[in-house]
Enquirer: 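For reference, the structure I am asking about is given below.
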Amino acid sequence: MTDEVGARPESGAMASKSPVVASVLLSLAVGAYAVSYGVLGVQAGLTVAQTCTISLLVFTGASQFAAVGVISSGGSPYAALGSALLLAARNGVYGLAMSRVLPEGRVRRLVAAQFVIDESTAMALAQHDSRRRIEAFWATGVGIYVFWNLGTLVGALVGDRLSDPAALGLDAAFPAGFVALLIPHLSKVGGRLAGVLGAVIALALTPVLPPGAPILLAALAVLVGLREVPAR
């Protein structure tokens, strides 16, 4: 499929818009939510170093919250690992979508793989040309990585001083970020179809499958929208 830039020129205002600003704002919101993870990690019995190391190496919020939730409820480390891996598996689906965006070369792709997350994938695929897709991917991935780890550190240091992260509204930052990510995709048929299909799958399977499985299966809806994504 040809690049949409050649087939549908953008206006001067739209052409000058950079995804970096949106990426920074999103990174700030996700960083605020990471404070909650840092607090919960310490409250679950992890040290500050352990809590921060998980964010540095794992870098996928849903998996981290799942693991901390299992540990805090008395579950074994193996159960925590299983829940985290189940949720993290959706990033493999995102990898398929991003294979046309990520840079060539094994080393560069290995580095880029660390930043293939919900937000960087959505921001990249919302762009209309290859240059902006790459720009959006790196700006979002690196930006969120920095602020996620900073937020984790702050939350871990605060620890027991903040007994309820929801009291400050930190739990709303992450869902609000996902709503913002959804909007650019609603202009495409594939994006609307993927959103509706993902929501239906998640709602239908949540009562009957273990936590994490509905999200993993709903992520497959992303593949439906790939036909609307122009090739590089």
Side-chain angles (χ1 to χ4, degrees), residues 17-73 80 83-84 87-88 90-91 94 114-127 135-186 195 198-199 202 211-212 215 218-219:
K17 247 182 207 180
S18 169
V20 173
V21 175
S23 299
V24 171
L25 294 177
L26 180 60
S27 299
L28 288 171
V30 175
Y33 189 67
V35 176
S36 299
Y37 164 72
V39 172
L40 295 175
V42 171
Q43 291 181 347
L46 299 176
T47 66
V48 172
Q50 289 171 333
T51 302
C52 292
T53 299
I54 291 175
S55 277
L56 286 168
L57 299 180
V58 177
F59 186 46
T60 170
S63 296
Q64 293 178 226
F65 275 104
V68 167
V70 171
I71 293 173
S72 62
S73 62
S83 299
L87 286 171
R90 74 191 187 284
N91 289 352
Y94 300 152
Q114 175 71 355
F115 305 113
V116 177
I117 55 176
D118 306 81
E119 296 87 353
S120 62
T121 300
M123 286 290 289
L125 297 184
Q127 308 307 311
E135 182 181 345
F137 170 78
W138 286 109
T140 306
V142 174
I144 288 180
Y145 186 81
V146 171
F147 285 104
W148 178 261
N149 283 283
L150 287 176
T152 297
L153 177 60
V154 171
L157 291 176
V158 170
D160 293 332
R161 298 178 187 175
L162 182 61
S163 59
D164 183 12
L168 296 180
L170 297 178
D171 56 326
F174 207 46
F178 273 103
V179 171
L181 288 173
L182 176 65
I183 294 175
H185 294 279
L186 296 180
I215 296 178

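These values consider heavy atoms only, across backbone and side chains, with no hydrogens, waters or symmetry-generated copies.
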Enquirer: How long is the gap from OG on Ser55 to CG on Leu150, to the nearest 0.5 Å?
Expert: 10.5 Å

Enquirer: Distance from Ser36 atom OG to Gln43 atom CD, nearest 0.5 Å?
Expert: 10.0 Å

Enquirer: Determine whether a donor-acceptor pair (N or O, by modelled atom type, separation under 3.5 Å) exists between the side chain of Ser120 and the backbone of Phe115.
Expert: yes

Enquirer: Does the side-chain contact (heavy atoms from CB on, under 4.5 Å) test come out yes or no for Trp148 and Gln64, once each step is laid out?
Expert: CA-CA 12 Å; Trp148 178 261; Gln64 293 178 226; 3.3 Å; yes

Enquirer: Nearest 0.5 Å please: distance from the CZ atom of Phe59 over to the OH atom of Tyr145.
Expert: 7.5 Å

Enquirer: Please test Leu153 against Leu157 for side-chain contact (heavy atoms from CB on, under 4.5 Å), starting from the C-alpha separation and ending with a verdict.
Expert: CA-CA 6 Å; Leu153 177 60; Leu157 291 176; 4.0 Å; yes

Enquirer: So how far is it from Phe137 CZ to Thr121 OG1, rounded to the nearest 0.5 Å?
Expert: 7.0 Å

Enquirer: Got a second to check how far Thr60's OG1 is from Ile117's CD1, nearest 0.5 Å?
Expert: 7.5 Å

Enquirer: Nearest 0.5 angstrom please: Leu40 CG to Ile71 CD1, how far?
Expert: 11.5 Å

Enquirer: So which heavy atom on Met123 is nearest to which on Ala136, and how close?
Expert: O-CB, 3.7 Å

Enquirer: With Thr53, which residues qualify under side chain to side chain contact (heavy atoms under 4.5 Å, CB included), at least two apart?
Expert: Leu57

Enquirer: I'd like to know if the side chain of Thr140 pairs up with that of Ser23 as donor and acceptor (distance under 3.5 Å, no hydrogens or angles considered).
Expert: yes

Enquirer: What are the two closest non-hydrogen atoms of Val68 and Ala44, and how far apart are they?
Expert: CG1-CB, 3.9 Å

Enquirer: Taking the six-membered ring for Trp and the single ring otherwise, decide whether the centroids of Tyr37 and Phe65 are under 6.0 Å apart.
Expert: yes

